[in-house]
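Notes follow the structure.
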Amino acid sequence: MKVFIRRLLYFSILFLLVNLLAYRFIAEPLLYKGYFIPKREMQNYRSFLLGDSHAKAIRQTDLEQLKIFNLAYDTDSYFDSALKLKYLLRNHLADTVYICVDNHTLSQYREDWTNRSRSLYYSTYKDYNKYYPIKHFDFWVKKNILPYFPLLQTKNSKLFKKYIISRLQGEAPRNYDNFDISTIPEEQLKARSVKRVNTQFPDEKQSEKLNNTLEEMIAICAKSDVAVYGIKFPLPTEFINAMGDKSYKADSVFVKHDLPVLDFTDAFPDSTHFYRDQDHVNYKGSEEFVRRLKHKISN
């Protein structure tokens with residue numbers, strides 16, 4: 001019996017150590033570092049940008065001149081943005097918020113394509129359970145324990161494996177920030193745009209849940225005396241043509257409440273050197289976007 005207990009103890013210590021190392025060198029830089037922003041890093045800002053990858057593409061270094069903190073992240077839906085907004089207001093950090101209202105943001109697929117495993121960092125149980133129903137104990141475990149045990153997160157195993165192999169092979173993390181689509185043949189770019197549009201607009205109807213969440217965010221801002229702007233990000237000509245009149249009309253929610261929408265959709269559609277792919281700006285596009293945003297909000 002003593003031998004069994006000793007072996008169990010050794011195994012437990014080894015398992016804990018391996019998980020902590022995996023968290024420190026794999027899970028934290030890959031999944032959490034850019035998403036979990038400490039409160040102290042946001043305390044000097046009063047304006048915040050919320051949204052998905054289109055908003056995240058705008059570099060923080062460019063937004064510094066406007067004193068806007070970019071809290072957007074790839075795959076964030078309005079559920080995740082709402083949790084971040086409530087965190088900001090709970091900690092008295094924001095007096096102005098910019099929310100992405102691109103044509104696709106109320107798509108039904110965004111109900112499932114979210115950051116539910118990460119946005120709980122900003123959440124109370126009551127808030128999180130509203131968008132992602134969960135038992136209280138499970139919420140506590142997922143928020144406070146599970147991130148530090150990446151070996152138990154089997155859904156990320158392929159991502160971890162790919163990351164480890166790339167590091168062992170000495171590959172630098174891919175960065176498309178300096179890439180631009182001017183080198184892509186026009187027909188190929190059109191095909192990519194059509195494929196992306198089909199992903200973003202799979203249904204005719206918008207998501208009622210996401211629409212209600214956006215309405216809630218607007219109401220929360222009004223109650224807390226926080227200025228709120230809708231914002232639409234630039235797109236190249238090929239994507240605009242592929243998208244046509246498809247829209248789930250998130251911007252209409254703002255218009256209905258007499259709130260401003262800053263629409264940059266066709267700000268520089270033919271400037272292919274401003275885009276890193278078919279629907280995201282690169283670093284040059286980010287600089288140009290912020291220049292135009294500065295002009296618009298100052299007038």
Side-chain angles (χ1 to χ4, degrees), residues 37 39 41-58 60 62-107 110-111 114-115 119 122-124 126-128 130-131 206-234 247-265 267 286 289-290 292-299:
I37 309 298
K39 178 182 174 181
E41 293 186 20
M42 298 186 282
Q43 286 181 327
N44 293 327
Y45 299 84
R46 302 301 299 171
S47 299
F48 293 84
L49 175 60
L50 298 172
D52 58 12
S53 58
H54 299 88
K56 184 179 180 294
I58 308 305
Q60 184 60 45
D62 297 325
L63 289 170
E64 284 298 326
Q65 60 183 294
L66 301 179
K67 295 299 292 181
I68 297 174
F69 191 91
N70 193 345
L71 201 55
Y73 208 82
D74 299 351
T75 320
D76 266 6
S77 75
Y78 285 133
F79 298 150
D80 306 304
S81 294
L83 292 171
K84 290 180 176 181
L85 174 62
K86 291 179 180 181
Y87 173 87
L88 294 173
L89 299 183
R90 194 164 60 245
N91 288 280
H92 309 288
L93 293 173
D95 58 27
T96 302
V97 175
Y98 299 87
I99 301 175
C100 176
V101 290
D102 285 337
N103 289 14
H104 71 285
T105 53
L106 289 179
S107 178
R110 296 312 310 274
E111 292 182 15
T114 70
N115 273 313
S119 58
Y122 295 100
S123 313
T124 63
K126 181 180 179 181
D127 291 338
Y128 190 81
K130 182 172 184 178
Y131 310 116
Q206 64 174 212
S207 164
E208 183 177 349
K209 292 180 180 178
L210 292 173
N211 184 78
N212 291 342
T213 302
L214 183 57
E215 290 272 10
E216 180 193 12
M217 292 171 70
I218 291 173
I220 291 172
C221 288
K223 183 178 180 180
S224 302
D225 198 26
V226 170
V228 57
Y229 295 82
I231 191 163
K232 302 181 74 171
F233 293 91
S247 176
Y248 295 116
K249 302 187 182 304
D251 53 343
S252 296
V253 179
F254 276 69
V255 173
K256 181 177 71 174
H257 292 282
D258 294 320
L259 293 170
V261 175
L262 308 177
D263 190 351
F264 295 95
T265 303
S286 173
F289 169 83
V290 171
R292 297 188 183 216
L293 176 62
K294 182 179 181 181
H295 176 75
K296 185 163 285 192
I297 63 179
S298 63
N299 290 331

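None of these values were measured; they are calculated from a predicted model.
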Q) Nearest 0.5 Å, what's the CD1-CG distance between Ile220 and Leu88? A) 11.0 Å
Q. Do Leu71 and Met42 come close enough that some side-chain heavy atom pair is under 4.5 Å?
A. yes
**Q.** Residues in side-chain contact (heavy atoms from CB on, under 4.5 Å) contact with Glu111, at least two apart in sequence or another chain
**A.** Phe79, Ser207, Lys209, Leu210
Q. Roughly how far apart are Lys232 NZ and Asp263 CG, rounded to 0.5 Å?
A. 4.5 Å
**Q.** Nearest non-hydrogen partners of Ser81 and Leu50, listed with the distance
**A.** O-CD1, 3.8 Å
(Q) For a quick test of reading the model, state the closest non-hydrogen atom pair linking Asp62 to Ser286 and the distance between them. (A) OD2-OG, 2.5 Å
Q) Hey, are the side chains of Asp95 and Ser47 touching, using non-hydrogen atoms and a 4.5 Å cut-off? A) yes
Q) Between Gly51 and Cys100, what is the shortest heavy-atom contact and its length? A) CA-CB, 3.8 Å
Q.
Are the side chains of Ile68 and Ile58 in contact, using a 4.5 Å heavy-atom criterion?
A. no
Q: Indicate yes or no: at least one non-hydrogen side-chain atom of Leu93 is less than 4.5 angstrom from one of Gln43.
A: yes
Q. Under 4.5 Å between any side-chain heavy atoms of Cys221 and Leu85, yes or no?
A. yes
Which side-chain N or O atoms in residues 252-259 pair as donor and acceptor under 3.5 Å with protein atoms at least two apart or in another chain?
residue : atom : partner : partner atom : Å
Lys256  : NZ   : Glu215  : OE2          : 2.5
His257  : NE2  : Glu215  : OE1          : 2.6

Q | side chain to side chain donor-acceptor pair (under 3.5 Å) between Lys249 and Asn211, worked out | A | CA-CA 9 Å; Lys249 302 187 182 304; Asn211 184 78; over 6 Å; no
**Q.** Separation of Gln65 CD from Lys67 NZ (nearest 0.5 Å)
**A.** 12.0 Å
Q. CD1 of Ile218 to OG1 of Thr213: how many Å apart, nearest 0.5 Å?
A. 11.5 Å
Q: Under the side chain to side chain contact (heavy atoms under 4.5 Å, CB included) rule, what do Glu216 and Tyr131 come out as? Steps first, then yes or no, please.
A: CA-CA 12 Å; Glu216 180 193 12; Tyr131 310 116; 2.6 Å; yes
Q) If you measure only the distance, is there a donor-acceptor pair under 3.5 Å linking the side chains of Thr105 and Asp102? A) no
Q: Check Ser77 against Thr114 and note the closest heavy-atom contact, atom names and distance.
A: OG-CG2, 3.5 Å
Q | From Tyr87, Phe48, Tyr73, residue fulfilling ring pair (Phe, Tyr, Trp, His ring centres under 6.0 Å) relative to Tyr122 | A | Tyr87
Q: Supply the atom-to-atom distance Leu66 CG to Leu293 CG, rounded to the nearest 0.5 angstrom.
A: 5.5 Å
Q. Any salt bridge between Lys56 and Asp76, counting N to O under 4.0 Å?
A. no
Q. Which class fits the ring pair Phe264 and Phe289: parallel under 30°, tilted 30 to 60°, perpendicular over 60°?
A. perpendicular
Q.
Please evaluate residues Lys130 and Lys86 with respect to the criterion side chain to side chain contact (heavy atoms under 4.5 Å, CB included), reporting the C-alpha separation (whole Å), side-chain torsions for both, the decisive distance (0.1 Å), and the verdict.
A. CA-CA 12 Å; Lys130 182 172 184 178; Lys86 291 179 180 181; 4.3 Å; yes
Q) Checking Asp80 side chain against Asn115 main chain: does a donor-acceptor pair fall under 3.5 Å? A) yes
Q: Please name the pair of heavy atoms, one in His104 and one in Asp52, separated by the smallest distance, quoted to 0.1 Å.
A: NE2-OD2, 2.8 Å
Q) Do the side chain of Ser107 and the main chain of Arg110 share a donor and acceptor less than 3.5 angstrom apart? A) no
Q.
Between Tyr98 and Leu63, is there a side-chain heavy-atom distance shorter than 4.5 Å?
A. no
Q) In Å and rounded to the nearest 0.5 Å, what is the CG to CG distance from Asp251 to Leu262? A) 11.5 Å
Q. If only atom types and distance count, is the side chain of Glu64 paired as donor or acceptor with the main-chain N or O of Phe69 below 3.5 Å?
A. no
Q | Candidate pair Val228 and Met217, rule side chain to side chain contact (heavy atoms under 4.5 Å, CB included), full reasoning | A | CA-CA 9 Å; Val228 57; Met217 292 171 70; over 6 Å; no
Q. If you take all heavy atoms of Ile99 and Tyr78, which pair is closest and at what distance?
A. CG2-CE2, 3.8 Å
